[in-house]
Amino acid sequence: MDDRSSGVNEQKKKERFDKEALVHLDALYRTALRMTKNEGDADDLVQETYLKAYRFWDKFEEGSNCRAWLFKIMTNIFINNYRARSRKPQVVDLEDVDDDFLFGQLSALGPSDNPESHFFAKVFDDDVKKAIDNLPEDFRLVVVLSFLEGFSYQEIADITGLQIGTVKSRLHRGRKLLQKELWHYAVKNGFIKEPAQR
C-alpha cells in the first residue's frame, strides 16, 4: 500500500470516528464525572477512552452500538486505572430503606414505566448530583448507566462485565440508597408531600 492510499484510509477512518464516536462525548464526560468525582480525572478518563477507541476503531463492528462500546471502554479503563488507586470499600446499611420509599411516591406524579428517569428528566441540580456522587462506587456506576444514560440491564452487563443478576441487584440497592438521599430534596421542591404525622 502506498502512502497516498494509506492517507486516504486514515482520513476515512477519522471521518467515520468523528461521525459515530464523537457525538457521545457529552454523555461520556457526564458519566466520567460521576465515576471520578473530579473534573480533571473525568477529562483524563474521557480522553483516554477516545484514544483507545480510535486506536481500536478497526475492531468496532460497523452498525453495532457505538455508544455502548465507548462506555465499555471507559468503564474498563476506570476499573483498571482509577479504581485501583482508591481506598477501602464503603459499607452500606440498607435495612432501613423501603423499596418504594420515594419512587413509589413519584410514580403518582403521572404515568411512567421508569419513575427514576422521569424524575431525573425533570430535575438535575446540585442536590441530585450530590446524592448520586454520594453513592458507593459499585452502585453509582450502574445507577448512572441506567437512570441517567438509559442503558438496559443487558447493555449495563455488557459494559461493566457483570452478570445481569448482579446489575439488577446493584440497581435495586442503589435505587434504595438514592431514595433515602433524595427524600428531603423531593419534599422541599414539592415533588411529593411529607406524610402527615399521626
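Source: prediction; values computed, not measured.
In this structure the side chain of Phe139 never reaches within 4.5 angstrom of the side chain of Leu178, judged on heavy atoms. A heavy-atom distance below 4.5 Å is not found between the side chains of Thr160 and Arg170. Side-chain contact between Thr36 and Asp44 is absent, with no heavy atoms from C-beta onward closer than 4.5 Å. Side chains of Ile132 and Leu148 form a contact here, defined as non-hydrogen atoms less than 4.5 Å apart.
Ring pair Phe60/Trp57: centre-to-centre distance below 6.0 Å.
Residues that satisfy the side chain to side chain donor-acceptor pair (under 3.5 Å) test with Thr31, not counting sequence neighbours, are Glu149. The salt bridge (Lys or Arg N to Asp or Glu O under 4.0 Å) check on Glu62 picks up Arg16, with sequence neighbours excluded. Under the rule for a ring-ring contact (aromatic ring centres under 6.0 Å, His included), Phe56 has no partner lying at least two apart in sequence or in another chain. Residues that satisfy the side chain to side chain donor-acceptor pair (under 3.5 Å) test with Asp43, not counting sequence neighbours, are absent from this structure. For the side chain to side chain donor-acceptor pair (under 3.5 Å) test, residues two or more places apart in sequence or in another chain that qualify with Lys14 are Asp18.
Nearest heavy atoms, Tyr29 versus Ala42: CE1-CB, 3.7 Å. Among all heavy-atom pairs drawn from Arg140 and Leu135, the shortest one is NH1-O, 3.0 Å. Glu20 and Cys66 get closest at one heavy-atom pair: O-SG, 3.4 Å. Ile156 and Ser146 get closest at one heavy-atom pair: CD1-CB, 3.6 Å.
Figure legend: cation-pi geometry between Arg175 and Phe147 absent, as NZ or CZ is not positioned both under 6.0 Å from the six-membered ring centre and within 45° of its axis.
Residue Glu48 holds its CD atom at 10.0 Å from CG of Asn80, rounded to the nearest 0.5 Å. Here the straight-line distance linking atom NE2 of His172 with atom CG of Leu177 works out to 10.0 Å at 0.5 Å rounding. Here the CG-NZ distance, from Leu171 to Lys176, works out to 13.5 Å after rounding to the nearest 0.5 Å. Between Leu45 atom CG and Leu28 atom CG the span is 8.5 Å, to the nearest 0.5 Å. Considering CD1 of Ile159 and CH2 of Trp69, their distance stands at 13.0 Å, rounded to 0.5 Å.
Cluster annotation: Leu51 and Phe17 are assigned to distinct hydrophobic clusters (Ile/Leu/Val/Met/Phe/Trp/Tyr, side-chain heavy-atom contacts under 4.5 Å, transitive). Criterion: ILVMFWY side-chain heavy atoms under 4.5 Å apart, direct or through other members. Under it, Val46 and Leu22 are part of a common hydrophobic cluster. Both Ile164 and Leu141 belong to a common hydrophobic cluster when Ile, Leu, Val, Met, Phe, Trp and Tyr are linked at side-chain heavy-atom distances under 4.5 angstrom.
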Under 3.5 Å, which donor-acceptor pairs do the side chains of residues 70-79 form with other protein atoms, sequence neighbours left out?
unit_1	atom_1	unit_2	atom_2	d
Lys72	NZ	Asp158	O	2.7
Thr75	OG1	Phe71	O	2.7
Asn76	ND2	Lys72	O	3.4

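Annotation: Glu15, atom CD; neighbour count of heavy atoms from other residues, nucleotides and ligands within 6.0 Å is above 12.
The closest donor-acceptor contact from the side chain of Lys13 to the backbone of Asp58 lies at 3.5 Å or more, if one exists at all.
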